[in-house]
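Worth saying up front: this structure is predicted, and the values here are computed from it rather than measured. All values below were derived from every heavy atom in this structure, side-chain atoms included, with hydrogens, water molecules and symmetry-related copies excluded.
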Amino acid sequence: MIIRGIVVLGILLSAGLFPADRSLAQPVNVEAAKREGKVVVYGSVVPQAMADLHKGFKAKYGIDVEYWRGDSTKVSERALTEFRAGKPGFDVVEANRGVQLIMRSEGLFAKFIPPASEKFPASVKEKDALITPWRVLPISILYNTELVKAADVPKSFDDLLAPKWTGKIAFPDPTRHTTTAQFLWNLEKFKKDKWLEFVRAFAKQRPILVESLAPVTNAIIKGEALVGITYIKYVKQYKGPVHYVLMDKYLADPNYMAVGVKAAHPNAARLYVDYACSPEGQKHIAGDGEFVLAPGILPPIKDAEKVAPNIVFMDNPTAEEFKKLQTVTFREIFYGK
């Protein structure tokens with residue numbers, strides 16, 4: 001389990017504090033995987049961002065990837081529904097930590113430690129080997145480079161409380177979007193007991209509330225908002241006048257892969273997860289702007305090397321805490337109810 005607290009990936013990686021532990025990795029039967037011929041993946045990454053990864057996997061092993069995409073919540077809902085009905089259609093599930101923990105608790109996954117994940121930071125590995133981290137999504141302030149003058153670019157979340165940003169900030173609705181609720185709750189890491197005070201001040205800025213993190217970028221590019229809070233990766237994945245703010249620390253959402261305990265193609269599933277964690281697979285996904293866990297691999301985003309050392313993994317509220325945050329705390333703050 002990821003320990004609550006700051007995880008400074010780059011510093012730890014550069015310091016070489018994570019020696020490989022080959023005794024724990026499980027071998028992958030490549031020939032058996034090839035005989036299975038196909039792997040079915042449910043994931044939260046858009047298909048175009050997974051295209052190079054799947055093309056590389058197919059070219060290397062001749063195994064087809066059948067990929068279904070939804071946001072993490074929808075991925076979880078589909079996988080859980082199928083599993084409870086006794087007809088799981090997936091071999092591999094990819095999603096954020098919150099929903100993976102729910103699925104893990106219901107017994108959807110089989111133990112598997114990909115050999116390629118040996119050099120990942122020990123602090124992000126799961127001791128029970130049921131889910132494997134493979135990418136991480138740092139959050140920052142994005143802004144419209146044509147509409148915001150260089151001198152006006154905010155340098156911190158606190159800067160967004162200035163009157164000039166009132167009504168001009170795009171932000172996911174924390175009463176509907178769980179990652180955003182999680183993000184606000186994790187501000188406690190930086191602001192201690194003042195985090196809720198910041199949330200109340202931020203709500204008074206009358207942010208433009210959107211459905212999730214991706215639409216924040218659209219609103220900025222279209223000029224509907226001048227700034228917004230969302231994933232850094234979108235500056236690579238969206239075309240338009242948008243850039244991000246370099247900060248001291250970045251709260252980030254780790255994403256995981258897991259092999260289904262009732263996978264129809266278990267060998268192909270293990271090989272797929274291992275490939276995604278390999279330097280080759282990590283380069284494929286990083287090429288589309290994703291931050292990954294393999295040492296020395298960075299997305300083609302300006303100053304990405306300055307982001308990686310300052311990533312702080314977010315913790316997950318319990319189900320009860322999530323419910324209270326979204327239906328009571330943030331509803332009262334953002335909607336005055």
Side-chain angles (χ1 to χ4, degrees), residues 9-10 43-53 69 71-72 96 134-160 165 168-172 177 179-180 182-184 186-187 202 207-255 282-294 296-314:
L9 289 178
S44 62
V45 187
V46 294
Q48 57 268 34
M50 296 292 274
D52 284 347
L53 178 74
R69 191 265 168 182
D71 61 34
S72 287
N96 68 27
W134 78 297
R135 68 185 180 118
V136 59
L137 296 85
I139 296 170
S140 182
I141 301 169
L142 271 58
Y143 63 93
N144 187 306
T145 56
E146 293 179 351
L147 301 177
V148 179
K149 297 178 182 177
D152 292 333
V153 174
K155 296 180 175 59
S156 68
F157 295 127
D158 288 332
D159 285 353
L160 295 178
W165 301 118
K168 299 174 182 177
I169 307 168
F171 188 65
H177 190 245
T179 301
T180 301
Q182 180 186 14
F183 165 77
L184 292 176
N186 273 270
L187 288 176
F202 181 74
I208 302 167
L209 297 180
V210 296
E211 181 181 1
S212 61
L213 289 154
V216 169
T217 316
N218 284 328
I220 294 170
I221 291 172
K222 292 177 181 177
E224 296 169 353
L226 299 184
V227 298
I229 296 176
T230 188
Y231 293 138
I232 294 173
K233 67 174 185 173
Y234 291 143
V235 304
K236 170 66 173 64
Q237 297 177 353
Y238 285 73
K239 293 182 179 179
V242 63
H243 195 48
Y244 73 102
V245 173
L246 277 174
M247 305 175 79
D248 293 336
K249 293 286 186 295
Y250 304 88
L251 287 173
D253 193 20
N255 272 40
Q282 295 267 281
K283 286 179 183 176
H284 280 310
I285 195 68
D288 199 61
E290 300 282 353
F291 288 80
V292 296
L293 297 173
I297 298 176
L298 293 168
I301 293 176
K302 188 176 186 298
D303 294 325
E305 74 281 2
K306 298 178 182 177
V307 173
N310 298 309
I311 287 175
V312 179
F313 276 16
M314 292 195 290

Chemist: List the atom of Pro300, the atom of Gly287, and the distance in Å for their closest heavy-atom pair.
Modeler: CG-O, 3.6 Å

Chemist: What distance do Trp134 atom CH2 and Ile285 atom CD1 have between them, rounded to the nearest 0.5 Å?
Modeler: 4.0 Å

Chemist: Please list all pairs meeting side-chain hydrogen bond (donor to acceptor under 3.5 Å, both in side chains) that have one or both residues in residues 282-293, counting only residues at least two apart or in different chains.
Modeler: Arg135-Glu290, Lys233-Glu290, Gln237-Asp288, Gln237-Glu290, Tyr275-His284

Chemist: Closest approach of Ala286 and Ile297, non-hydrogen atoms and distance?
Modeler: CB-CG2, 3.8 Å

Chemist: Report yes if the side chains of Ser44 and Asn255 come closer than 4.5 Å at any heavy-atom pair, otherwise no.
Modeler: yes

Chemist: Any chance you could measure Asn186, atom CG, to Thr179, atom OG1, to the nearest 0.5 Å?
Modeler: 10.5 Å

Chemist: Between Asn144 (side chain only) and Leu147 (backbone N and O only), is there a donor and an acceptor less than 3.5 Å apart?
Modeler: yes

Chemist: Which value, rounded to the nearest 0.5 Å, describes the distance between Leu137 atom CG and Tyr231 atom OH?
Modeler: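 If I round to the nearest 0.5 Å, the distance is 5.0 Å.
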
Chemist: Heavy atoms only: give me the nearest Thr217-Tyr234 pair and the separation to one decimal.
Modeler: OG1-CD1, 3.2 Å

Chemist: Taking atom CD as the centre, does Glu211 end up with more than 12 heavy-atom neighbours from other residues, nucleotides or ligands that are less than 6.0 angstrom away?
Modeler: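 Count not over threshold, so no.
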
Chemist: Can a donor-acceptor pair be found, under 3.5 Å and without considering hydrogens, that links the side chain of Asp152 to the backbone of Val148?
Modeler: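 Here the side-chain-to-backbone pair does not exist.
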
Chemist: Could you pull out the closest heavy-atom pair between Val216 and Gly228, with the gap in Å?
Modeler: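 Closest heavy-atom pair between Val216 and Gly228: CG1-CA, 3.8 Å.
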
Chemist: Between CD1 of Ile311 and NZ of Lys249, what distance do you get to the nearest 0.5 Å?
Modeler: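 The NZ atom of Lys249 is 11.5 Å from CD1 of Ile311, to the nearest 0.5 Å.
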
Chemist: Can you give me the closest heavy-atom contact between Arg69 and Val45, atom names plus distance?
Modeler: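 Answer, listing the atom of Arg69 first, then Val45: CG-O, 3.0 Å.
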
Chemist: Looking at every heavy atom in both Phe291 and Ile232, which two are closest together, and how far apart are they?
Modeler: CE1-CG2, 4.1 Å

Chemist: Supply the atom-to-atom distance Leu142 CG to Ile220 CD1, rounded to the nearest 0.5 angstrom.
Modeler: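 One gets 5.0 Å once the value is rounded to the nearest 0.5 Å.
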
Chemist: Compute the ring centroids of Tyr250 and Tyr244, then answer whether they are less than 6.0 Å apart.
Modeler: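 Distance test on ring centres: not under 6.0 Å, no.
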
Chemist: Mind checking the CD1-CD1 spacing from Ile208 to Ile169? Nearest 0.5 Å is all I need.
Modeler: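 Nearest 0.5 Å value for the CD1-CD1 distance: 8.5 Å.
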
